[in-house]
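Predicted, not measured: the structure shown is a model, and the values here were computed from it. Side chains included, hydrogens not; waters and symmetry mates left out as well; all remaining heavy atoms used.
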Amino acid sequence: MRSRSSTLGLLLLSLLSLASCTPMKPAPLQTVPHVDLNRYVGDWFVFAHIPYSLEKGKVGTLDRYALRPDGKMDNIFLFRRGSLDAPLEQWKGVAWVHNKTTNAEWRVQFVWPLRVPYLIIDLDPDYQWSVIGYPNRKLAWVLSRKPVLDEATYRGILERMEKQCYDTRLLAKVPQRTEAR
């Protein structure tokens, strides 16, 4: 049985944790300390995201990053509309590192002159999954090198996102083709 003081202490810690995530002014998102771009480039399945208008109805989504000679990256967004059997479509964009100390903060542009922040807020040490955040926390993407993530890994990702004041209930898993074709 817990003592009154330890229960009060836990309650106080919980309240302080909630206070840091108030809608008034949460702390800025924290990116990972460093990203090795050579390891990061390649294909990333969108395992889950907080959907926004341009992504609604898209399935089988994948982000493909490739380094360019000019130091920027090609950013190809591949998707199908409504069904995993629909034709594969793509949007071509460009990305570049905004914070060259960490390589964890980028800007992405699909339509000129609109540039959006891309914040790598969580990253597997083996570069098998990644979490991309957006400063106002209204957007997020959980990326994976494979079309599936095990539940324990996903739960850990959600817990870390919640510590950064994300409402993880807004995340929706993206249907992906898991069988070979």
Side-chain angles (χ1 to χ4, degrees), residues 28-81 84 86-150 153-154 156-158 160-161 164 166 168 171-178 180-181:
L29 287 173
Q30 295 298 304
T31 60
V32 299
H34 182 73
V35 175
D36 179 340
L37 294 177
N38 288 312
R39 290 183 71 193
Y40 196 86
V41 294
D43 289 356
W44 291 94
F45 291 92
V46 181
F47 179 77
H49 63 161
I50 297 176
Y52 73 104
S53 59
L54 294 176
E55 287 181 313
K56 287 190 178 168
K58 310 254 181 339
V59 298
T61 56
L62 180 124
D63 279 318
R64 178 171 290 153
Y65 304 103
L67 292 172
R68 300 181 350 181
D70 65 1
K72 294 182 179 180
M73 290 169 273
D74 287 324
N75 182 182
I76 311 289
F77 178 66
L78 298 134
F79 61 93
R80 298 174 192 277
R81 292 182 196 263
L84 292 170
L88 188 63
E89 299 181 51
Q90 68 179 11
W91 293 335
K92 293 182 180 182
V94 65
W96 59 95
V97 174
H98 184 72
N99 179 335
K100 294 186 188 241
T101 302
T102 67
N103 291 336
E105 182 179 346
W106 303 0
R107 294 298 180 263
V108 174
Q109 183 175 53
F110 281 94
V111 178
W112 186 87
L114 183 62
R115 301 171 175 184
V116 296
Y118 181 106
L119 305 173
I120 303 171
I121 62 170
D122 204 359
L123 179 61
D124 176 55
D126 294 324
Y127 288 68
Q128 294 306 298
W129 54 260
S130 174
V131 180
I132 309 310
Y134 193 78
N136 67 8
R137 295 170 174 82
K138 291 183 180 179
L139 299 171
W141 296 265
V142 177
L143 306 178
S144 175
R145 295 291 190 182
K146 297 177 182 173
V148 296
L149 271 176
D150 67 82
T153 299
Y154 188 54
I157 288 169
L158 296 178
R160 289 185 297 279
M161 289 180 76
Q164 290 228 45
Y166 261 100
T168 58
L171 284 165
K173 290 182 181 176
V174 177
Q176 293 286 353
R177 198 175 261 152
T178 56
R181 285 213 179 229

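Here CG of D124 is found 9.5 Å from OG of S130. Values are rounded to the nearest 0.5 Å. To the nearest 0.5 Å, atoms CD (Q109) and CZ (R115) are separated by 5.5 Å. In this structure, NE2 in H98 is found 9.5 Å from CG in L119, a value given to the nearest 0.5 Å.
In this view, R160 and D122 satisfy the salt bridge (charged side-chain N to carboxylate O under 4.0 Å, His left out) rule, not counting sequence neighbours. Partners of H34 by side-chain hydrogen bond (donor to acceptor under 3.5 Å, both in side chains), not counting sequence neighbours: none found.
For the residue pair Q128/W44, the side-chain donor-acceptor check at 3.5 Å is not satisfied.
Ring-centre distance between W91 and F79: below the 6.0 Å cut-off.
Note on D70 versus K72: no salt bridge recorded, every NZ/NE/NH1/NH2 to OD/OE distance being 4.0 Å or above. With salt bridges taken as basic N to acidic carboxylate O contacts below 4.0 Å, none links E89 and R80. Using a 4.0 Å cut-off between charged side-chain N and carboxylate O, R68 and D74 make a salt bridge.
R145 places a side-chain N or O within 3.5 Å of a backbone atom of Y127 that can act as its donor or acceptor partner. Using modelled atom types, one side-chain atom of Y166 and one backbone atom of L139 make a donor-acceptor pair closer than 3.5 Å.
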